[in-house]
Amino acid sequence: MKITLKDGSSKEYGQGMSVREIAMDISAGLGRMALAGEINGKVVDIRTIVKEDCTLNIFTAKDAEGLRTIRHSASHILAEAVKRLYPEAKLAIGPSIEDGFYYDIDDVKISEEDLEKIEVEMKKITKENASFEKFTKPREEAIAYMEELGEPYKVELIQDLPEDAEISFYSQGKFVDLCAGPHVGSTKEVKAFKLLSVAGAYWRGSEKNKMLTRIYGTAFSKASELEEYLYRMEEAKKRDHRKIGKEIGLFTMMEEGPGFPFFLPNGMILKNTLVDYWREIHVREGYDEISTPMMLNRSLWETSGHWDHYRENMYTTIIDDEDFAIKPMNCPGGLLVYKSEPRSYRDLPLRMGELGLVHRHEKSGALHGLMRVRCFTQDDAHIFMMPEQITEEIKGVVRLIDEVYNLFGFKYHVELSTKPENSVGSDEDWELATEGLRTALDEMGTEYIVNEGDGAFYGPKIDFHLEDSIGRTWQCGTIQLDFQLPQRFEAEYIGADGEKHRPIMIHRVVFGSIERFIGILTEHFAGKFPTWIAPVQVKVLPISDKYFNYAKEVLDTLRENGIRAQIDSRAEKIGYKIRDARLNRIPYMVIVGQKEEEEKCISVRSRFEGEEGTISLPEFVDGLNEEIRTKKIRETIEE
RNA sequence: GCUGUUGUAGCUCAGUUGGUAGAGCGUCGCAUUGGUAGUGCGGAGGUCACGGGUUCGAUUCCCGUCAACAGCUCCA
């Protein structure tokens with residue numbers, strides 16, 4: 001048979017060689033390092049016997065697939081260790097995941113303190129050097145086998161596999177687990193691993209099911225890589241926006257209002273600066289800005305469908321015996337504005353922006369700093385348009401979001417979310433709307449993944465996801481196409497034909513929520529914001545009180561030029577003031593003493609270059625204003 | 001909401017095998033008037049999250065509530 005390899009070369013073998021044997025034949029080194037294979041694009045175990053002509057890839061720890069194999073094997077070792085220490089434990093599932101692996105277990109009480117003990121047992125198992133063996137059983141036998149082993153979750157998993165499936169198992173020593181593979185050769189090949197945490201997780205991801213105990217861990221091919229990963233995670237935690245937000249006074253949370261953030265002066269500057277920027281680009285893009293009430297009556301929310309579909313997330317109250325709800329979304333208010341006067345096809349597309357503060361009752365366990373709150377400002381806009389305008393309008397929004405994210409240097413990924421179970425509207429409308437979004441993305445060549453069933457109840461959406469410091473992703477921008485609300489509200493425009501027509505609506509946000517965006521910004525820059533959004537841009541540091549008057553002159557000049565400056569007039573040494581300004585992540589420090597006062601100049605120290613030397617104040621102001629105007633991002637140096 | 005963990009000064013944390021608490025930083029005062037990441041000395045500051053229970057006595061043990069953290073579920 002003919003085996004074509006990754007580099008295009010090919011080899012001839014007789015029948016029935018395993019992937020490992022082929023790897024061994026290519027080179028002894030590759031044979032030792034081989035962890036998994038890929039036959040004609042399908043990932044397979046290294047024990048797989050190759051029977052016919054194919055294209056073969058061999059994965060080592062350098063490949064993502066190889067690392068996944070190590071982690072998956074580590075999860076089996078974890079399961080065996082748990083079974084040895086807690087024989088009553090019932091095993092559920094144990095896959096490899098981004099950055100590690102986990103195993104879900106039931107009928108055990110395991111807390112973080114127990115992890116060390118389990119790790120010791122795992123080390124023992126790796127030392128035993130038990131080889132992973134694969135075997136299969138027909139369905140009925142497989143079920144009986146797992147029943148005999150007392151593993152009800154495994155029985156349930158097998159029962160959900162196709163009727164005619166051959167069920168595969170892997171064993172290592174005396175331990176057996178239902179598994180599709182692939183796995184490494186033997187337990188000793190899992191060298192560098194660590195258990196990280198214990199958490200609850202619902203069986204099969206449904207909150208209707210029992211909550212199991214999930215043990216998280218990670219594994220790498222080398223101890224040095226594991227250490228590097230753990231160090232990186234430690235460093236990433238220092239960028240947490242909740243920590244930095246406290247350190248530099250951006251926002252605070254109070255027990256009196258769980259999930260309702262308090263913005264402090266520095267956070268307010270950040271927020272207002274972002275809003276100023278937002279207004280600037282939205283005027284440019286032809287948006288009008290409106291503002292709709294915080295609270296509207298029940299009949300409005302019944303018309304919109306929120307009363308039926310979003311009730312558990314809405315805060316309600318009674319005014320003069322009538323039910324009112326605080327808005328969880330801005331769209332119904334926007335529709336009322338649209339309907340407040342007759343619209344012509346000449347008005348379309350009509351782009352109505354609104355920085356709307358919305359309130360949603362999120363579950364207590366979902367709250368997370370500024371990333372997930374119960375009241376937030378959406379940089380919303382509703383675009384009313386004719387069907388033929390859909391693609392261009394969506395493209396315009398995609399371009400705008402891309403522009404904003406690029407300005408901050410964000411990496412993002414895009415998801416297309418389709419019709420959920422709890423939805424309103426006809427299948428035809430959903431199909432049309434989903435195609436509209438897909439077409440726009442395809443025409444722009446934007447890469448995206450499809451998220452089936454994850455759309456809003458009134459329409460499909462394109463979501464833009466950004467990463468926080470430890471790699472969790474958060475949905476920020478979103479574009480939702482909606483045929484339903486215009487219908488429910490009987491929105492109309494007069495066409496060129498003089499007849500009434502129904503407009504189509506886009507809901508979209510760029511930042512998503514300003515709160516979440518600030519959270520992402522904070523973690524992305526570790527609080528060292530680009531000068532144009534830095535709450536304090538310049539700190540003036542007099543060497544001693546003797547130069548306070550000159551320092552004050554400098555401060556006034558900076559402020560007159562629109563620069564956010566503060567003065568540190570405490571009776572402290574200059575080194576102390578510099579340290580303090582650095583800890584507050586202030587981009588520029590202006591140091592003035594005898595020399596500067598005499599020469600009518602300033603001495604500049606920045607987060608970007610350290611000491612920048614002595615220059616005249618006007619020159620500094622010009623340079624700074626240029627940096628701010630162009631929204632430049634200067635690289636921060638570590639001293 | 002669920003599972004687990006946590007809650008001590010403004011912040012970061014130590015401590016009490018049950019006898020009402022301590023450090024560093026910050027803050028305030030005094031001295032120091034300085035040259036690019038921490039000047040020295042002194043003072044103030046805590047119903048040990050909240051509510052019950054056990055006890056002669058609870059910050060400590062038990063129960064409940066609230067909040068935070070990690071994950072699940074859900075979502076901008």
Side-chain angles (χ1 to χ4, degrees), chain A residues 102 104 109-114 196-216 237 240 242-243 246-247 252-259 310 312-313 328-329 356 358 360-380 417 454 456 461 463-466 470 472 474-478 480 507-517 519-520 541-548 570-583 589-596 603-606 610-614 639:
Chain A
Y102 66 78
D104 283 350
K109 207 156 172 58
I110 291 173
S111 64
E112 309 242 331
E113 296 99 76
D114 302 316
L196 300 172
S197 62
V198 180
Y202 297 110
W203 167 235
R204 309 199 118 179
S206 167
E207 63 183 327
K208 292 188 185 80
N209 292 340
K210 190 172 181 191
M211 183 157 271
L212 311 176
T213 301
R214 175 172 295 180
I215 300 176
Y216 281 96
K237 280 184 196 148
D240 191 311
R242 292 166 298 188
K243 179 176 149 65
K246 189 177 274 178
E247 284 169 2
T252 187
M253 291 292 184
M254 304 280 184
E255 284 202 14
E256 288 81 352
Y310 209 71
E312 67 276 19
N313 280 310
M329 296 183 193
V358 296
R360 299 180 184 177
H361 185 72
E362 301 297 348
K363 288 176 179 172
S364 57
L367 302 178
H368 185 97
L370 287 182
M371 302 294 199
R372 191 72 183 282
V373 289
R374 285 179 173 157
C375 83
F376 55 98
T377 311
Q378 287 186 307
D379 62 317
D380 217 341
S417 298
D454 212 33
K461 55 183 188 170
D463 296 332
F464 295 75
H465 296 252
L466 295 172
I470 62 169
R472 290 178 290 216
W474 299 89
Q475 183 189 314
C476 288
T478 175
Q480 309 180 351
H507 311 247
R508 47 109 278 180
V509 286
V510 177
F511 295 142
S513 98
I514 297 181
E515 288 75 4
R516 177 176 289 181
F517 201 78
I520 298 275
L541 311 178
I543 299 274
S544 84
D545 326 352
K546 285 197 278 189
Y547 316 107
F548 177 76
R570 292 175 298 181
E572 297 290 350
K573 288 166 66 171
I574 194 65
Y576 179 87
K577 294 184 186 182
I578 288 167
R579 178 181 153 77
D580 197 56
R582 285 226 46 160
L583 291 177
M589 286 165 257
V590 162
I591 294 155
V592 293
Q594 186 179 2
K595 192 178 106 199
E596 290 78 12
S603 177
V604 176
R605 185 189 176 94
S606 73
E611 278 192 69
E612 293 200 6
T614 305
E639 291 177 64

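Each chain gets a letter, A, B and so on, in the order the sequences are listed, and its residues count up from 1.
- Of the candidates U73(B), U36(B), G34(B), U36(B) carries the atom nearest the S603(A) side chain, counting heavy atoms from C-beta on.
- The residue K109(A) sits close only to the backbone: its heavy atoms come under 4.0 Å of sugar-phosphate atoms, none of a base.
- Among the heavy atoms of the strands, none lies under 4.0 Å from K208(A).
- At a threshold of 4.0 angstrom between heavy atoms, the contacts of M371(A) include nucleobase atoms, whether or not backbone atoms are also involved.
- C69(B) atom C1' lies 19 Å from atom NZ of K363(A), rounded to whole Å.
- With C2(B), U27(B), A76(B) as the choices, the nucleotide that has an atom nearest any side-chain atom of E362(A) turns out to be A76(B).
- Residue-level contact check: E515(A) touches neither bases nor backbone, having no heavy atom under 4.0 Å from any strand.
- Under the Watson-Crick or G-U wobble criterion, with both distances below 3.5 Å, C30(B) is paired with G40(B).
- Side chain of D379(A) to backbone of V510(A): a donor-acceptor contact under 3.5 angstrom is found.
- The side-chain heavy atoms of R472(A) and H368(A), taken from C-beta on, include a pair separated by under 4.5 Å.
- Comparing the C1' positions of C48(B) and G4(B) gives a spacing of 24 Å, expressed to the nearest Å.
- The side chain of K246(A) contributes an N or O atom lying less than 4.0 Å from OP1 or OP2 of U12(B).
- Across every strand in view, A70(B) sits in a pair with U3(B) that passes the Watson-Crick or G-U test at under 3.5 angstrom.
- A581(A) comes within contact range of no nucleotide atom at all, as no heavy-atom separation falls under 4.0 Å.
- For G38(B), the OP1/OP2 oxygens have no side-chain nitrogen or oxygen of K573(A) closer than 4.0 Å.
- Within the nucleic acid shown, R214(A) comes within 4.0 Å of sugar-phosphate atoms alone, with no base atom in reach, counting heavy atoms only.
- Within the 4.0 angstrom heavy-atom criterion, base atoms lie near E596(A).
- One finds a side-chain N or O of R242(A) lying less than 4.0 angstrom from the OP1 or OP2 phosphate oxygen of C69(B).
- With a 3.5 Å ceiling on both atom-pair distances, U60(B) lacks any Watson-Crick or G-U wobble partner.
- Of the nucleotides present, none pairs with G35(B) by Watson-Crick or G-U wobble criteria with both distances under 3.5 Å.
- For the atom pair NZ (K461(A)) and NE2 (H507(A)), the distance works out to 11.5 Å, reported to the nearest 0.5 Å.
- Separation of the P atoms belonging to C2(B) and G18(B) is 32 Å when rounded to the nearest angstrom.
- If you check every strand for non-hydrogen atoms under 4.0 Å, F376(A) touches a base.
- Using a distance-only test at 3.5 Å, with no hydrogens or angles considered, no donor-acceptor pair links the side chain of K577(A) to the main chain of I591(A).
- Within 4.0 Å of Q594(A), counting heavy atoms only, lies at least one base atom of the nucleic acid.
- Separating the CZ atom of R374(A) from the P atom of C75(B) is a distance of 16 Å, rounded to the nearest angstrom.
- Atom-to-atom distance recorded for Y102(A):OH and I215(A):CD1 is 13.0 Å, nearest 0.5 angstrom.
- G46(B) and G10(B) have their P atoms separated by 8 Å, with the value rounded to a whole Å.
- Counting to the nearest Å, the C1' atom of U39(B) and the CD1 atom of I574(A) are 14 Å from each other.
- Whole-Å rounding puts the L212(A) CG to G4(B) C1' distance at 14 Å.
- Taking atom C1' in both G24(B) and U6(B), the straight-line distance is 22 Å, to the nearest Å.
- In the set U32(B), G35(B), U3(B), the nucleotide with an atom closest to the side chain of M211(A) is U3(B).
- As judged by a 4.0 angstrom heavy-atom cut-off over every strand, V358(A) is placed among residues making no nucleic acid contact.
- Under 4.0 angstrom from either OP1 or OP2 of G71(B) there lies no side-chain N or O belonging to H368(A).
- Annotation: U20(B) and U59(B) have their C1' atoms spaced 8 Å apart (nearest Å).
- Between the NZ atom of K577(A) and the P atom of G34(B) there is a distance of 12 Å, given to the nearest Å.
- Judged by atom type and distance alone, R372(A) reaches the base of C74(B) through a side-chain donor-acceptor pair under 3.5 Å.
- For I543(A), taking side-chain heavy atoms from C-beta onward, the closest of the listed nucleotides A76(B), G34(B), A37(B) is G34(B).
- Counting any heavy atom pair closer than 4.0 Å across all strands shown, S206(A) reaches no nucleic acid atom.
- The side chain of R579(A) has A37(B) as its nearest neighbour among G35(B), A37(B), U33(B).
- Exactly one of I514(A), T478(A), T377(A) qualifies for a side-chain contact (heavy atoms from CB on, under 4.5 Å) with V509(A). That residue is T478(A).
- Look at CZ on R472(A): it is 18 Å from P on A76(B), rounded to the nearest Å.
- Between the R360(A) side chain and the N313(A) main chain, no donor and acceptor come within less than 3.5 Å of each other.
- Side-chain N/O atoms of S364(A) include one lying less than 4.0 angstrom from OP1 or OP2 on G1(B).
- Rounding to the nearest 0.5 Å gives a distance of 6.5 Å between CD1 of I543(A) and CD of E596(A).
- Residue W474(A) and nucleotide A76(B) are not classified as a stacked aromatic pair, given the requirement of ring centres less than 5.5 Å apart at an interplanar angle below 30°.
- Of the options K237(A), K243(A), R242(A), a salt bridge (charged side-chain N to carboxylate O under 4.0 Å, His left out) to D240(A) is made by R242(A) and by none of the others.
- To the nearest whole angstrom, the two C1' atoms, one in U27(B) and one in G64(B), are 37 Å apart.
- Side-chain atoms of V373(A) lie closest to A76(B) of the nucleotides A76(B), U36(B), C2(B).
- A21(B) and A49(B) are spaced 14 Å apart, taking the P atom of each and rounding to whole Å.
- To the nearest whole angstrom, the two P atoms, one in U60(B) and one in U17(B), are 13 Å apart.
- When both pairing distances are held under 3.5 Å, A49(B) makes a Watson-Crick or G-U pair with U65(B).
- In this structure, E112(A) contributes its side chain and V198(A) its backbone to a donor-acceptor pair below 3.5 Å.
- The OH-P distance, from Y216(A) to G71(B), rounds to 7 Å in whole Å.
- When heavy atoms are screened at a 4.0 angstrom cut-off, G365(A) is found touching base atoms of the nucleic acid.
- Between K363(A) and E207(A), at least one side-chain N (NZ, or NE/NH1/NH2) sits under 4.0 Å from a carboxylate O, which counts as a salt bridge.
- Using a 4.0 Å cut-off on heavy atoms, the residues of residues 197-205 of chain A that approach RNA chain B are A199(A), G200(A), A201(A), Y202(A), G205(A), listed by number.
- Not one N or O on the side chain of R372(A) forms a donor-acceptor pair closer than 3.5 Å with the backbone of L367(A).
- If you measure from atom CD of E572(A) to atom C1' of G40(B), you get 11 Å, rounded to the nearest angstrom.
- Out of A37(B), A76(B), G7(B), the shortest distance to the side chain of R360(A) is found at A76(B).
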